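The structure appears right after this line, and notes come after that.
Every chain is numbered from 1, with letters handed out A, B, ... down the list of sequences. Keep in mind that what you see is a predicted model, and the values were worked out from it rather than measured.
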There are 2 protein chains.
Amino acid sequence: MADEQAEEIRSDRGGEPGCEPDGPLGVWFAFFNEVGILHQLSRTLFEARLPDGVTLPHFSVLNHLIRVRDGQTPRALAEAFQVPKTSMTHTLAGLEARGLIAMRANPEDGRSKQVWLTEEGRRFRNEAIRLLSDDVAAIASAIDTERIAAALPLLAEVRRYLDENR
Amino acid sequence: MADEQAEEIRSDRGGEPGCEPDGPLGVWFAFFNEVGILHQLSRTLFEARLPDGVTLPHFSVLNHLIRVRDGQTPRALAEAFQVPKTSMTHTLAGLEARGLIAMRANPEDGRSKQVWLTEEGRRFRNEAIRLLSDDVAAIASAIDTERIAAALPLLAEVRRYLDENR
DNA sequence: TGCATTTAGTGCGATATCGCACTATATAGT
DNA sequence: ACTATATAGTGCGATATCGCACTAAATGCA
């Protein structure tokens, strides 16, 4: 399995014009392929550790509200995670149903709401971090975190480019 | 938006034990966050270019059958992309309905099938590459592809680790 | 050889994702 | 001030994702 994917990534068949994305294009296709698989794997891992019914988008929103700023609008959150508004609406509904957030009218915009963490939401997020820590620590001890840290700016650059050119 | 995410990634709040994943753990959380967003952005971009109803998983399977090997089993494909069997079953059903693949009994295993590209499937995949090329080329001209190529082995390493330790 | 256990693919149903269209509100231009 | 246009959030419905359970076939062990 992993060998087949590695073969796909390493293969350099060249030759057929227009059929095989090689050179720079091939690199980028491989990159996005890796991203897709990494996303799949990490989401599966994280959701296995979170309580039943709690998804990665749930946790990510809670984490974002804590790390970045509480009281953000659904629109801002949707943009932060690059998901459609309706997807974010659905995610927030799940969080609100669990009492982890509260949605209140946005005093600066009559069309809008602000998403606020509840005390339960804060506790929940901290507990989630604890639940995820062992696995993440295991990854950190198996793979050189310095290299990941060094790669982050590049990933952010790609993200920014895609965001600004969509 | 991008600034908020950048702030999240760069922030190093330190201090509260057990509440904030910092140091190596924080780096990994940031990494997986980037991966999730990149996946979202790339999927949206690619699916916007593909014909209506054709998803990234559809294209990815076709591409995989061409680049790696035709005639693979549903199980092998599900493993390659790290998706559940039932998800792959659904994806393949969509491809077969469009006449892009044919599923035939696997002569080596009575329980199994093999997924074969049709001529239409090959043509379709080549056309899809063409449809995606302009955007990917634009990305390649904006961001140093060498750096992406240099990062690929690291991404593959993370993928391999997650795959082997799930 | 017989049988317990495992596995491949899928039917089925629940939930997540997300586009379309809409209402209410904000913004921009005259 | 008025109005055309844009925007925030969501109802609704279609499709994708995926777990559970199952049947049929394969594998491993005594």
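- Checking D:dT10, C:dA26, C:dA16 against the side-chain heavy atoms of A:Met103 singles out D:dT10 as nearest.
- In terms of position on DNA chain C, the residue among A:Gly53 and B:Lys113 whose nearest nucleotide sits closer to the 5' end is B:Lys113.
- Taking 4.0 Å as the cut-off between side-chain N and carboxylate O, B:Glu120 and B:Arg123 do not count as a salt-bridged pair.
- Of the residues near DNA chain C, B:Asp109 and A:Asp109, the one whose nearest nucleotide (by heavy atom distance) lies more toward the 5' end is B:Asp109.
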Fill in the blank from the handout: Nucleotide by nucleotide, nucleotides 17-24 of chain D touches protein heavy atoms under 4.0 Å in the pattern (B base, S sugar-phosphate only, - none) BBBB----
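- Distance NE2 (B:His39) to C1' (D:dA16): 12 Å, rounded to an integer number of Å.
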Donor-acceptor pairs under 3.5 angstrom involving side-chain atoms of residues 83-93 of chain B: please list them, not counting sequence neighbours.
unit_1	atom_1	unit_2	atom_2	d
B:Thr89	OG1	B:Lys85	O	3.1
B:Thr91	OG1	B:Ser87	O	3.1

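- For A:Phe31, the ring pair (Phe, Tyr, Trp, His ring centres under 6.0 Å) partners two or more places apart in sequence, or in a different chain, are A:Trp28.
- Here side-chain hydrogen bond (donor to acceptor under 3.5 Å, both in side chains) pairs that include residues 49-59 of chain A, with residues two or more places apart or in two chains, are A:Arg49-A:Asp135, A:Thr55-A:His58.
- Side-chain atoms of A:Arg125 never come within 3.5 Å of backbone atoms of A:Leu117 as a donor-acceptor pair (strictly under, hydrogens ignored).
- For A:Glu108 and D:dT7, the CD to C1' distance is 16 Å, given to the nearest whole Å.
- Listed by chain and residue number, A:Arg43 satisfy the side-chain hydrogen bond (donor to acceptor under 3.5 Å, both in side chains) test with A:Glu47 (two or more places apart in sequence, or in another chain).
- Per the geometry, CZ belonging to B:Arg104 stands 18 Å off C1' belonging to C:dG9, to the nearest Å.
- In this structure, CD of A:Gln72 is placed 15 Å from C1' of D:dA8, rounded to the nearest angstrom.
- Scored by the ring pair (Phe, Tyr, Trp, His ring centres under 6.0 Å) test, B:His39 finds A:His39 as partners (sequence neighbours excluded).
- Contact annotation for A:Asn106: no contact, since no heavy-atom pair falls under 4.0 Å across all strands.
- Between A:Arg98 atom CZ and C:dT15 atom C1' the separation is 11 Å, expressed in whole Å.
- One atom, CG of B:Leu56, and another, P of D:dA16, lie 13 Å apart when rounded to the nearest Å.
- Within 4.0 Å of A:Ser112, counting heavy atoms only, lie sugar-phosphate atoms of the nucleic acid but no base atom.
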